[in-house]
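To keep things clear, I will list the structure first and then write my remarks on it.
All residue numbers in this chain count up from 1 along the given sequence.
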Amino acid sequence: MSSIFTADLKGIVVPCPACGQKNRLPYERLAASGTCGKCEASLPLVNAPVEIPSTAVFNAVIAASPLPVLVDFWAEWCGPCKMLAPQLERVAMQEAGLSLIVKVNTEALPGLSAQYNIQGIPALLLFRNGKLVAEQAGAQPASAIRDFIYR
Ligand SMILES: [Zn+2]
């Protein structure tokens with residue numbers, strides 16, 4: 001699973017489609033699309049799942065995102081996770097600027113699985129305003145994932 005977007009402590013790193021320059025879209029401004037700092041082309045909204053590189057970045061995203069954050073806990077060996085991945089990509093496309101879809105690799109970040117008591121994967125957790133509001137396990141189609149976000 002690869003995403004064109006990565007995250008750091010301050011925001012989502014968005015590559016410019018025109019010149020390739022990496023721009024940081026601060027979490028506070030996730031609902032808007034920015035312009036490239038180098039060539040001034042408009043940047044895309046975050047329209048794909050974002051891989052979380054560390055617990056610190058996870059906490060930063062959850063604390064600062066003005067958008068609902070849907071977290072997918074997954075692992076490379078997990079078959080249902082692989083079925084869920086393209087559905088999440090579809091939702092991320094539909095929800096660009098409305099919801100943020102992030103992915104937590106449970107083998108890379110086992111501390112987060114323990115913290116949120118993840119018993120089986122894939123597991124979807126929904127955060128609003130920094131708080132965990134809903135949780136759902138198992139692979140599901142994009143339409144069900146969107147229903148889960150807007151439940
Ligand atoms: Zn550019």
Side-chain angles (χ1 to χ4, degrees), residues 1-76 78 80-109 112-113 116 121-136 138-151:
M1 166 75 212
S2 62
S3 169
I4 51 171
F5 301 107
T6 53
D8 66 17
L9 287 172
K10 293 179 180 156
I12 307 291
V13 179
V14 181
C16 172
C19 76
Q21 172 75 22
K22 288 181 174 170
N23 292 265
R24 185 192 289 110
L25 187 58
Y27 291 122
E28 297 74 26
R29 290 198 268 122
L30 277 184
S33 54
T35 52
C36 177
K38 192 172 168 191
C39 77
E40 298 189 343
S42 18
L43 298 170
L45 289 164
V46 179
N47 60 2
V50 179
E51 190 74 47
I52 297 294
S54 71
T55 298
V57 169
F58 180 85
N59 291 334
V61 174
I62 297 300
S65 175
L67 307 177
V69 183
L70 181 71
V71 186
D72 171 34
F73 284 82
W74 70 286
E76 204 62 64
C78 158
C81 297
K82 290 198 170 70
M83 291 167 59
L84 182 60
Q87 302 301 322
L88 283 169
E89 285 168 22
R90 190 169 304 169
V91 173
M93 191 83 80
Q94 294 166 338
E95 289 293 306
L98 302 173
S99 305
L100 187 66
I101 316 296
V102 305
K103 295 174 73 77
V104 169
N105 182 329
T106 53
E107 294 196 301
L109 302 172
L112 281 176
S113 307
Y116 290 99
I121 54 173
L124 295 177
L125 271 57
L126 182 67
F127 291 82
R128 282 183 197 279
N129 304 315
K131 293 199 172 60
L132 176 63
V133 293
E135 187 166 354
Q136 196 168 333
Q140 48 208 300
S143 58
I145 299 168
R146 294 189 75 222
D147 287 349
F148 176 65
I149 295 173
Y150 291 102
R151 58 192 267 293

Problem set entry | From CG (L125) to CG (L132), nearest 0.5 Å | 5.0 Å
Problem set entry | Residue pairs, two or more places apart or on separate chains, that pass salt bridge (charged side-chain N to carboxylate O under 4.0 Å, His left out) and touch residues 29-50 | none
For this session: Evaluate the criterion side chain to side chain contact (heavy atoms under 4.5 Å, CB included) for residue pair L98 and L45; output intermediate values, then yes/no.
Result: CA-CA 10 Å; L98 302 173; L45 289 164; over 6 Å; no
For this session: Identify the heavy atoms of P122 and L84 that sit nearest to each other, and give their distance.
Result: CB-CD2, 3.5 Å
Exercise. Closest approach of P66 and E28, non-hydrogen atoms and distance?
Worked result: CG-O, 3.8 Å
Exercise. In terms of ring plane angle, is the pair F73 and Y116 parallel, tilted or perpendicular, where the classes change at 30° and 60°?
Worked result: tilted
For this session: Sorted by first residue and then second, give each salt bridge (charged side-chain N to carboxylate O under 4.0 Å, His left out) pair with at least one member in residues 60-70; sequence neighbours left out.
Result: none
Exercise. Does S42 use its side chain to pair, donor to acceptor, with the backbone of T35 at less than 3.5 Å?
Worked result: no
For this session: Would you indicate whether the side-chain heavy atoms of P68 and L126 approach each other to under 4.5 Å?
Result: yes
Exercise. Can you tell me if D72 uses its side chain to pair, donor with acceptor, with the backbone of K103 under 3.5 Å?
Worked result: no
For this session: Any salt bridge (charged side-chain N to carboxylate O under 4.0 Å, His left out) involving residues 7-21? Give me the pairs, sequence neighbours left out, ordered by first then second residue.
Result: D8-R24
For this session: Show your working on side chain to side chain contact (heavy atoms under 4.5 Å, CB included) between L109 and F58 and close with a plain yes or no.
Result: CA-CA 10 Å; L109 302 172; F58 180 85; 5.8 Å; no
For this session: Begin with the C-alpha distance, continue with both residues' side-chain angles, and end with the deciding distance and a verdict on side chain to side chain contact (heavy atoms under 4.5 Å, CB included) for I101 and F5.
Result: CA-CA 11 Å; I101 316 296; F5 301 107; over 6 Å; no
Exercise. Under a 4.5 Å cut-off applied to non-hydrogen side-chain atoms, are Y27 and I12 in contact?
Worked result: yes
For this session: Check L25 against G34 and note the closest heavy-atom contact, atom names and distance.
Result: CD1-N, 4.3 Å
Problem set entry | Side-chain heavy atoms of F127 within contact of V133, under 4.5 Å | no
Which side-chain N or O atoms in residues 14-21 pair as donor and acceptor under 3.5 Å with protein atoms at least two apart or in another chain?
none

Exercise. Under 3.5 Å, side chain of Q140 to main-chain N/O of G138, donor-acceptor pair present?
Worked result: yes
Problem set entry | Closest heavy-atom pair and its distance - S65, L30 | OG-CD1, 3.8 Å
For this session: Just do the disulfide bond (SG atoms under 2.5 Å apart) check on C36 and C39 with the steps written out, would you?
Result: CA-CA 6 Å; C36 177; C39 77; 3.9 Å; no
Exercise. Closest heavy-atom contact between A48 and I4?
Worked result: CB-CG1, 4.4 Å
For this session: Mind listing the closest non-hydrogen atom pair of T106 and S113 along with its distance?
Result: CG2-OG, 3.4 Å
Exercise. Is there side-chain contact between I62 and V102, with heavy atoms separated by less than 4.5 Å?
Worked result: no
Problem set entry | By side chain to side chain donor-acceptor pair (under 3.5 Å) - contacts of S99 (at least two apart) | E95
For this session: Report yes if the side chains of V71 and I52 come closer than 4.5 Å at any heavy-atom pair, otherwise no.
Result: no
Seminar exercise, completed: Taken in chain and number order and not counting sequence neighbours, the residues that satisfy side chain to side chain donor-acceptor pair (under 3.5 Å) with E135 are none
